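Scroll down for the structure; my scribbles are underneath it.
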4 protein chains.
Amino acid sequence: MVTPLIDNDTLDVDGLERLIERTIAGGIHGLFLLGTTGEFASLSYKIREELIERSCKLVNGRVPVLVGISDSAFTESLNLANKAAEYGADAVVITPPYYFSASQPELLEYLERIMLHMPLPLFIYNMPVHTKVSFAPETVKAAANIPGIIGMKDSSANLAYFNQISHLLQDRPDFTFMVGPEEIMSQFVLLGGHGGVNGGANMFPKLYVDLYNASAARDFDKIIPLQQKVMQISSTIYSVGQYGSSYLKGLKCALSVMGVCSDFMAEPFHKFNAPERKKIEKALDELNYKELL
Amino acid sequence: MVTPLIDNDTLDVDGLERLIERTIAGGIHGLFLLGTTGEFASLSYKIREELIERSCKLVNGRVPVLVGISDSAFTESLNLANKAAEYGADAVVITPPYYFSASQPELLEYLERIMLHMPLPLFIYNMPVHTKVSFAPETVKAAANIPGIIGMKDSSANLAYFNQISHLLQDRPDFTFMVGPEEIMSQFVLLGGHGGVNGGANMFPKLYVDLYNASAARDFDKIIPLQQKVMQISSTIYSVGQYGSSYLKGLKCALSVMGVCSDFMAEPFHKFNAPERKKIEKALDELNYKELL
Amino acid sequence: MVTPLIDNDTLDVDGLERLIERTIAGGIHGLFLLGTTGEFASLSYKIREELIERSCKLVNGRVPVLVGISDSAFTESLNLANKAAEYGADAVVITPPYYFSASQPELLEYLERIMLHMPLPLFIYNMPVHTKVSFAPETVKAAANIPGIIGMKDSSANLAYFNQISHLLQDRPDFTFMVGPEEIMSQFVLLGGHGGVNGGANMFPKLYVDLYNASAARDFDKIIPLQQKVMQISSTIYSVGQYGSSYLKGLKCALSVMGVCSDFMAEPFHKFNAPERKKIEKALDELNYKELL
Amino acid sequence: MVTPLIDNDTLDVDGLERLIERTIAGGIHGLFLLGTTGEFASLSYKIREELIERSCKLVNGRVPVLVGISDSAFTESLNLANKAAEYGADAVVITPPYYFSASQPELLEYLERIMLHMPLPLFIYNMPVHTKVSFAPETVKAAANIPGIIGMKDSSANLAYFNQISHLLQDRPDFTFMVGPEEIMSQFVLLGGHGGVNGGANMFPKLYVDLYNASAARDFDKIIPLQQKVMQISSTIYSVGQYGSSYLKGLKCALSVMGVCSDFMAEPFHKFNAPERKKIEKALDELNYKELL
C-alpha cells in the first residue's frame with residue numbers, strides 16, 4: 001500500500017480511507033503497510049505510527065494487516081513492531097539493516113535476536129536494490145526455523161533465486177512465499193508460489209486478485225489477457241521519467257489522476273510535473289482503466 | 001554447451017563428440033557453443049576456432065548451431081562470426097563489450113555497426129553479472145529493428161525485466177526470446193517465452209527438453225515433477241563450493257563423473273578437488289540420475 | 001567518535017566521559033558524534049539524543065561539536081538537528097538518504113529543502129559504500145552555494161574525486177574539506193586539504209593531531225614516522241576478522257583493551273571474541289601504544 | 001599511451017610517431033602501451049601486435065617500454081607477452097581476467113601459473129571499475145613473492161587501499177608502486193610512492209614529469225602550481241560529455257586539436273562531435289596549453 005501524504009509530515013487521511021476501502025472492495029487478501037511502495041524509509045516515526053493506527057482501525061479485521069518495521073536500528077524496528085501489535089496488526093515485515101551491510105551469519109543472528117522480543121509473526125523481506133544485502137538461500141533456510149518467522153517476501157525480481165529458496169524449503173508448506181514484482185507474480189504462483197505483494201493493486205486491486213486466482217487455478221484463458229494488462233501497466237505507468245523512482249512516482253500519480261489520493265511524495269522524491277502527469281493520464285486512458293475497477 | 005578441455009589449450013575431442021551425440025540424442029533443439037557455460041572468455045582464439053569447426057562437423061546439420069562471438073574487441077567478434085559462417089553455423093550470439101562499459105546509445109550503435117558486416121543472424125545476449133551492462137528494454141526494442149538481429153538470450157535471472165522486453169516486442173512474433181537460467185525456463189515458457197538455453201542440458205538433455213515441451217503444452221502433471229528435478233540439480237550440483245563459479249565447476253564435475261567429458265577448466269578457474277567431487281557424486285546418486293538419461 | 005555502549009540501548013556513560021576527556025587532552029580540534037564510526041544508524045533515537053546531550057555537556061565548549069543527523073527520513077534528520085542545536089552543538093553532518101537512492105538533482109533539492117529549516121551550519125558527508133549514492137562534483141559545487149552549508153567530509157577514499165571537488169571550489173576558501181580515511185589524511189592536507197575526521201583518534205588523538213600539524217607544516221621529518229604508525233594501525237587493528245566491519249570492531253576492541261570504554265557493538269554487529277581480541281592486544285603491543293598516548 | 005587510430009583496424013602511424021617523439025622529448029621515464037587509456041580491450045590482436053612492433057622500433061631503447069597483456073584468456077595474454085618480448089619490450093602489465101570474476105585464491109594461482117611461462121617481468125594492474133575484481137592487499141603481498149612480478153599499477157583512485165599495500169610491502173623496496181589517476185600522483189609520490197602512469201602525459205609530458213620530480217623532491221613551490229594545472233585538466237578536458245568514457249574521449253580529442261594524432265576511437269566508443277570538440281578547444285585555450293609543452 002502506498003502512503004497517501006499531503007506533505008512530508010501529514011497523512012492524506014481521506015485518501016487513505018478511499019484507498020483502503022477500494023482495495024478491500026477489490027478483493028485483496030491482505031494489506032502491507034510501510035513497505036518500499038509505502039515509502040516507509042522516508043517517513044518520520046510519528047507518521048508511521050499514525051498510519052498504522054488509522055489503517056488498522058479502518059481495516060477493522062476485514063483482511064490481515066502486515067506492517068513494515070524495517071530500520072537501520074534494531075530498537076526502532078522493535079518499537080514499530082510493538083506499535084503494530086498494539087493497534088492490532090497481524091504480522092510484521094523486515095528487510096536487512098540498510099546502512100551497515102551485515103554478513104550472512106550476522107544477518108541470521110540479527111533475526112534470532114530480534115525474534116526474542118517480537119510481539120507478532122514476521123516475514124523477512126528481500127530487497128537488495130535498496131538494502132545492498134540479499135538473504136542467502138541458506139540464511140533463509142535457517143531463519144525459517146526461528147520461531148515466529150512465518151514467511152518471506154522477495155522483491156529481487158530474480159525468480160531463479162526465489163525458486164531456489166522455495167525448493168530448499170519444500171518440506172515447510174507452512175512457510176509462506178510472496179513475490180514483489182507484479183510482472184512475475186503469475187509465473188511464481190503457477191509453479192506453487194503463494195502470492196504477490198504487488199504495488200499495482202493500489203490502483204486496480206481486482207486485476208491483481210483475478211490474476212492471482214487464475215494463476216492458482218492454472219486457467220490460461222484468464223491468465224493471458226490479465227498478464228497482458230499487468231505488463232501494459234508496467235511498460236507505461238511505471239516507465240515515465242528517467243530516474244530509479246519512476247515506478248513509485250508513476251503509481252502515486254496514477255492514483256491521483258484516478259481521484260484516490262494525493263500524489264505528494266516524501267523527500268527525497270517529488271511528484272511528477274504536468275508533462276509526466278499527462279503521460280500517466282494517457283497511459284490510463286489506453287488501459288481503459290475504468291473497466292479494470 | 002560446455003567446452004570439454006584436456007588442458008588450457010587442448011580440446012577433449014572424444015568428450016566433445018560424446019557430449020554432442022548425447023545432447024542431440026536427448027532431443028535438444030539447438031546447440032549454443034562458446035557461451036558463458038562454454039567458458040568462451042577463457043579460451044584462446046585458436047581453440048575457439050577449433051571448437052567451432054569440430055562441433056559443426058559433428059552436428060552436421062542435425063540441429064541448428066549458435067556460436068558465441070562476444071569479445072571486448074569489435075574486430076575479433078567479427079572474425080569469429082566469419083569463422084562460424086565458414087564452418088556452417090546457423091547464427092551467432094553477442095554480449096555487450098565487457099571491459100569498457102558502453103552507454104545505451106553506444107550499445108545500440110555498436111550493434112548497428114557490427115551488423116553491417118555480420119555474415120549470420122544474431123542473437124543479443126544479456127549477461128550483466130559478467131559484462132556489468134544490461135541492454136535496456138528500449139535498446140532491445142530498437143535493436144530488434146536492425147536487419148539480422150533475430151532474438152535475445154537473457155541470463156539476468158530478472159524475469160520481470162525479460163517479461164517487460166517480451167511485452168514491448170509483442171508485435172514482433174518473429175523475434176525469439178530465450179532465457180538462460182534453467183530454474184525459470186518453465187515459467188518463462190508458460191507465459192509465452194520461446195525457450196531456454198540451459199546449461200543443465202549438457203548433463204540431462206532429455207529432462208530439459210521434456211520440461212520445455214510440458215511447459216509449452218501447459219501440462220502441469222508433467223511440469224511439476226520435472227521442475228522439481230531441475231531445482232534439485234540447482235540446489236545440489238550447482239551449489240557446492242564457495243565461489244561464484246560453483247555452477248560451472250559443478251556442471252563440469254558432474255559431466256566427468258558421468259563419463260561424458262573431462263572436467264578440466266580453463267584459467268582462472270580450476271576443477272573441483274576430491275572432497276567437492278564426492279559431493280557431486282552424492283548429488284548425482286540422490287537424483288537417480290540414470291533415470292534422467 | 002565511537003559511541004560507547006553497554007548494550008543496544010544503554011550508553012557506557014563512564015566510557016563516554018573517559019573517551020571525551022582523553023581526546024580533548026590529546027589535542028583534537030573538534031568532535032564528530034554519530035558518524036559511521038559512531039554507529040549512528042544502529043542506534044535508537046532515544047540513545048542518539050542522550051549521546052548528544054551528554055557529550056555536549058561534557059565537552060562544554062572546549063572544542064566544536066559536530067553531530068551526524070543522517071537518516072532515510074527528512075523529518076527525523078531535522079528532529080535530530082533541532083536536538084543538536086538545543087544541546088549546544090556547533091554544526092551538523094548529513095549523508096544522502098540511504099534507502100531510496102536519489103538522483104543528483106533530487107539530492108541537491110533535498111539539501112535545499114532541508115536547509116530551509118536547519119538550525120545549525122551543515123557539512124555534507126560522502127559515504128558511498130553505505131549510502132550507495134555519491135555527491136557528484138557538480139552537486140557539491142551547487143550545494144556550496146546554499147546558505148548554511150559550510151563544508152564536506154568525504155569518506156570515499158577516492159582522493160582523485162575529492163581533489164577534483166576541492167579544485168572546483170578553489171574560489172571558496174571558506175568551504176571546509178575534511179577527509180575520512182586516516183590513511184590519506186596527510187596527503188590530503190599536504191596539498192591544501194583542511195583536515196581529517198579520523199576514527200583512529202579515538203585511540204590515539206595525539207598521533208593524528210601531530211600528523212595533521214606536521215602535514216599542514218609540510219614537515220616530512222615528522223610526517224614519515226607518524227604516517228608509518230597510522231599505516232601500521234590500519235594494517236593490524238583494522239584488519240582482523242573477515243567481514244566488512246573489521247575496522248569498527250577492531251577500533252572498539254582496542255578501546256576496550258586500552259581501558260577506555262566498552263567494546264559492545266549495536267546490532268547488526270558484535271564485538272570480537274577472545275581469539276580476535278588476542279590479535280588486537282598483540283597489535284597494540286607491537287605499536288608500543290603507550291608511547292602514542 | 002593512447003593508441004592513435006585511423007579506423008577500428010588501422011593505426012595512425014604518423015600520429016604514433018609524433019606521440020612517441022614528443023613524450024620522450026617531454027622527459028617521460030617510460031612508455032606504457034595497451035593500457036586502459038590505450039583502449040587495449042577494443043583492439044584486434046593484429047593491431048595490438050602491430051602497435052607493439054612499431055612502438056618498440058620507434059622508441060629504440062630510449063626509455064623502457066611496458067606492454068599491457070590483459071585478456072580474459074590466459075593463452076592470449078601469454079601470446080601477447082611473447083610478442084612483447086620478441087619486439088624488445090622491457091616488461092608487461094596485467095589486470096585480473098575481466099569476464100569471469102576470480103576469487104582471491106584463484107587470482108593468486110592465476111598469477112603463479114602465468115608467471116611459469118612469462119618471458120618478461122610483470123606488473124600487476126588494479127582497475128576494478130573495468131575488471132570488477134580488485135587485488136586484495138594480501139593477494140598483492142603474496143604475488144610480490146612470485147619470481148618475475150616486480151611491481152603494481154593501481155588505478156582504483158582509492159589511495160587508502162594503495163597506501164595500505166605499500167605499507168604491507170615496506171620491506172620490499174625493489175617492488176615498484178605506480179599510481180594511475182594523475183590527480184593523486186603528487187600526493188602518492190610525496191609519501192614514498194614510486195611514480196605515476198598518467199594519461200595526461202600524452203598531451204603534456206613535461207607537466208607530469210615536472211610534477212613527479214617536484215613531488216619526489218618535496219618542492220612545494222613547484223608542486224602547487226603544477227598540481228593546479230593537472231586539476232584544471234581533469235576538471236575540463238576530462239569532464240566533457242555525459243558518459244563514463246569522457247576521460248578517454250577528451251584526451252583523444254585534445255590530442256587531435258593539438259595536432260598530435262587522430263581522435264578516432266575504437267568501438268564501442270566514438271570521438272566527440274563538433275560541440276564537444278569546441279569545449280575541448282576552449283579548455284585547451286584556458287590552460288594556455290602552449291606554455292605547457
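Just so it is clear: chains get the letters A, B, ... in the order the sequence lines come, proteins before strands, and each one is counted from 1. Keep in mind that this is a model prediction, so the values were computed, not measured.
Using a 4.5 Å cut-off on side-chain heavy atoms (C-beta onward), F100(A) and S42(C) make contact. In this structure, E267(C) and E109(A) have side chains that are not in contact, with every pair of non-hydrogen atoms separated by 4.5 Å or more.
Proximity to chain C (any heavy atom under 4.5 Å) is restricted, for P105(A), to the side chain, taken from C-beta onward. There is no contact between I114(C) and chain A, counting heavy-atom distances below 4.5 Å. When heavy atoms are compared at a cutoff of 4.5 Å, P97(A) approaches chain C solely by way of its side chain, counted from C-beta outward. Neither the backbone nor the side chain of S70(A) comes within contact range of chain C; no heavy atoms are under 4.5 Å apart. S101(A) touches chain C through its backbone: at least one of N, CA, C or O sits under 4.5 Å from a heavy atom, while the side chain does not. Heavy-atom distances place no part of L107(A) under 4.5 Å from chain C, backbone and side chain included.
The heavy-atom pair separating K46(A) from E76(C) by the smallest distance is N-OE2, 4.5 Å. In terms of heavy atoms, A41(C) sits closest to S72(A) at O-OG, 2.6 Å.
The aromatic rings of Y98(C) and Y98(A) lie tilted to each other, with the angle between the two planes from 30° to 60°.
To the nearest 0.5 Å, atoms CG (D9(A)) and CG (L78(C)) are separated by 8.5 Å.
In terms of non-hydrogen atom pairs under 4.5 Å with chain C, the most contact-rich of T131(A), L43(A), T36(A) is T36(A).
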